[in-house]
Amino acid sequence: MVGKCKIGIVSALALISFSLQAQTNLVVSPKSGDGILTLMGRYKLNQHSSNLDSFLDLNDLDPTDYLILEKKYKLPVKVYDYTSGTIRATIGIDDYDRALRIQKYNEQLVESGVKEKSYKEDGKLWVPFHEMMTSTVVSKPGFKSYTTKIPILGKEYEDVVVEDATLDKCVYYLVSGHGGPDPGAMTTKDGHDLCEDEYAYDVTLRLARNLISHGATVYLIVRDPDDGIRDETYLKPDRHEVTWLNQKMPVNQRARLAQRVNAINALYEKHKADAKLQRVIVTHVDSRNEGEKIDIFFYHCPGSTTGKQAADTMMNTISAKYNEHQKNRGYKGVVKARELYMLLETKPTTVYIELGNITNEFDQKRLLIPNNRQAIANWLYLGISKDASRVLKQ
């Protein structure tokens with residue numbers, strides 16, 4: 001216990017030292033057509049989940065807010081005076097690998113024309129928030145962050161920095177609803193078809209990326225080889241989805257669900273001896289009367305204590321996030337037991353999530369706006385990580 005306290009104090013002091021040397025946040029103006037993720041993408045910030053919450057906090061924004069052309073916004077990037085000859089000396093760190101990532105970050109921005117001159121020429125070193133946050137991470141002794149390539153996430157998001165090993169030996173099976181021959185719930189908006197499977201899949205990919213970045217083993221049971229994470233409002237529907245190991249999806253719904261369950265249960269047996277925790281996360285989008293607004297809600301298997309605990313933790317995390325970012329909004333999500341095939345037949349503990357009503361104009365904002373989809377994925381990740389922390393401490 002004393003050792004852990006000492007580690008925490010050292011980490012906190014490192015962050016304080018790191019922050020005191022920073023001069024200011026980078027301030028920028030959006031371009032015409034920019035959304036939050038588009039703006040952040042230009043500055044190579046959209047690939048790290050922590051940056052979105054930081055941007056919202058810095059600018060007192062909600063995930064649903066739009067950017068105003070005439071306004072200036074603070075980015076989660078600190079600007080340092082580069083006067084000490086090295087990156088590590090400039091920002092007061094010892095981590096050589098992190099210094100190399102910061103160097104590469106600055107070089108990429110110069111190459112893309114976002115930054116006019118290199119930090120050696122103009123004396124201004126840009127350090128993104130996600131690199132500052134690594135000072136607070138307490139991971140396994142000897143762990144060094146690294147980058148892994150996950151092509152299924154798409155070209156813009158396939159390079160994932162594994163920041164720590166907090167979810168090491170935790171295995172997650174992510175199942176986005178419907179797909180292949182079945183698009184799920186559907187509606188139209190402004191001449192565009194909105195299909196449940198596309199939006200559930202995009203949120204699921206973003207969640208997968210978050211989990212991988214903290215050392216989890218992740219299986220995307222429903223997969224689309226063509227559609228990675230997409231920062232678009234209207235996600236073009238297709239029928240390219242397959243089940244794990246490239247299995248063609250049956251037309252029959254029961255057969256399709258059985259195919260997914262069989263894939264999960266086989267993988268569960270493979271990992272049972274070594275995994276510290278295994279979870280199935282199923283994401284869906286509901287369809288109700290267009291006037292019925294619903295919040296994100298959760299199902300678990302009847303009689304499953306671990307399922308209820310996991311769902312409660314995720315729901316409470318989302319409730320807290322809404323209270324933080326939309327104080328007067330209120331949140332009415334619920335956790336219920338339900339006898340659904342995916343809950344009853346999967347061997348690992350399973351949580352089934354409904355993200356919103358696809359026909360409701362208010363709920364559509366939660367799905368259509370890319371930074372909302374990212375925010376949902378971030379908040380779900382936080383709930384999942386809290387669930388893992390609780391289990392691993394037992």
Side-chain angles (χ1 to χ4, degrees), residues 1-12 49-50 133-134 136-143 145 162-175 204 207-219 221 261 264-283 296-321 323 333-340 342-353 377-394:
M1 188 68 172
V2 174
K4 289 184 178 179
C5 289
K6 287 182 178 179
I7 292 173
I9 291 169
V10 171
S11 298
S49 58
S50 58
M133 283 298 292
T134 56
T136 65
V137 171
V138 178
S139 192
K140 289 189 171 183
F143 175 85
S145 64
V162 181
E163 302 170 7
D164 59 75
T166 54
L167 294 177
D168 182 41
K169 294 190 177 180
C170 294
V171 184
Y172 294 93
Y173 309 100
L174 306 188
V175 187
T204 300
L207 174 59
R209 197 174 192 280
N210 289 348
L211 292 168
I212 293 167
S213 71
H214 294 281
T217 298
V218 177
Y219 290 95
I221 301 302
V261 166
I264 292 168
N265 288 346
L267 290 166
Y268 171 81
E269 293 297 333
K270 171 185 173 183
H271 287 284
K272 187 165 62 174
D274 297 322
K276 295 178 180 177
L277 174 148
Q278 300 197 59
R279 291 281 188 264
V280 180
I281 307 295
V282 182
T283 51
I296 299 171
F297 64 93
F298 304 83
Y299 293 130
H300 63 85
C301 182
S304 173
T305 301
T306 56
K308 185 178 187 308
Q309 288 174 333
D312 281 338
T313 302
M314 294 169 74
M315 185 194 71
N316 292 336
T317 302
I318 288 179
S319 178
K321 280 296 182 180
N323 289 335
V334 295
V335 171
K336 294 181 179 180
R338 190 172 175 187
E339 294 185 349
L340 297 174
M342 289 295 296
L343 293 171
L344 295 171
E345 300 299 327
T346 47
K347 291 182 178 180
T349 294
T350 301
V351 177
Y352 187 110
I353 308 168
N378 292 354
W379 298 354
L380 291 176
Y381 159 72
L382 288 175
I384 290 169
S385 65
K386 289 177 182 178
D387 170 61
S389 178
R390 175 183 55 79
V391 172
L392 296 177
K393 287 178 181 177
Q394 292 176 351

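No hydrogens, no waters, no symmetry mates; every other heavy atom, side chains included, goes into these values. If you're wondering where the values come from, they're calculated on a predicted model, not measured in any experiment.
- Shortest non-hydrogen contact noted between Val351 and Gly307 is CG2-O, 4.1 Å.
- For the pair Val280 and Pro348, the minimum side-chain heavy-atom distance is below 4.5 Å.
- Contact check for Leu207 versus Ile384: side-chain heavy atoms found under the 4.5 Å cut-off.
- Separating the CG atom in Leu344 from the SG atom in Cys301 is a distance of 5.0 Å, to the nearest 0.5 Å.
- A donor-acceptor pair under 3.5 Å links the side-chain atoms of Ser385 to the main chain of Tyr381, judged by distance alone.
- Residue Glu339 qualifies as open at atom CD: its count of foreign heavy atoms under 6.0 Å is 12 or below.
- Between the side chain of Thr283 and the backbone N or O of Ile281, no donor-acceptor pair lies under 3.5 Å.
- In this structure, OH in Tyr219 is found 12.0 Å from CG in Leu174, a value given to the nearest 0.5 Å.
- Between Ala388 and Tyr172, the closest heavy-atom pair is CB-OH, 3.6 Å.
- Side chain of Ser319 to backbone of Met315: no donor-acceptor contact under 3.5 angstrom is found.
- Here CG of Leu277 is found 12.0 Å from CG of Asp168. Values are rounded to the nearest 0.5 Å.
- In this structure the side chain of Cys170 never reaches within 4.5 angstrom of the side chain of Val391, judged on heavy atoms.
- Scanning for side chain to side chain donor-acceptor pair (under 3.5 Å) contacts around Arg390 gives Gln309, Asp387, with sequence neighbours left out.
- One finds the OG1 atom of Thr350 at 9.0 Å from the CZ atom of Arg279 (value rounded to the nearest 0.5 Å).
- Here the straight-line distance linking atom OG of Ser389 with atom CG of Leu382 works out to 12.0 Å at 0.5 Å rounding.
- Contact check for Met342 versus Val261: side-chain heavy atoms found under the 4.5 Å cut-off.
- In this structure, the side chains of Asp312 and His300 stay at 4.5 Å or more apart for every pair of heavy atoms.
- Residues Phe298 and Ile318 are in side-chain contact: their nearest non-hydrogen atoms beyond the backbone lie under 4.5 Å apart.
- For the pair Asn265 (side chain) and Lys347 (backbone), a donor-acceptor distance under 3.5 Å is present.
- Applying the side chain to side chain donor-acceptor pair (under 3.5 Å) criterion to Lys386, with sequence neighbours excluded, gives no partner residue.
- Inter-residue side-chain proximity for Ile221 and Ile264 is flagged as met; some heavy-atom pair is nearer than 4.5 Å.
- Rounded to the nearest 0.5 angstrom, Thr166 OG1 and Phe143 CZ are separated by 8.5 Å.
- The side-chain tip of Arg338 points at the ring of Tyr299 from less than 6.0 angstrom away and within 45° of straight on.
- No side-chain donor-acceptor contact under 3.5 Å links His271 and Tyr173.
- Within 6.0 Å of atom NZ in Lys308, 12 or fewer heavy atoms from other residues, nucleotides or ligands are found, so the atom counts as exposed in its surroundings.
- Of the possible donor and acceptor atoms, one in the side chain of Thr317 sits under 3.5 Å from a partner among the backbone N and O of Thr313.
- For Gln278 (side chain) and Tyr268 (main-chain N/O), a donor-acceptor pair under 3.5 Å exists by modelled atom type.
- Inter-residue side-chain proximity for Asn378 and Asn210 is flagged as met; some heavy-atom pair is nearer than 4.5 Å.
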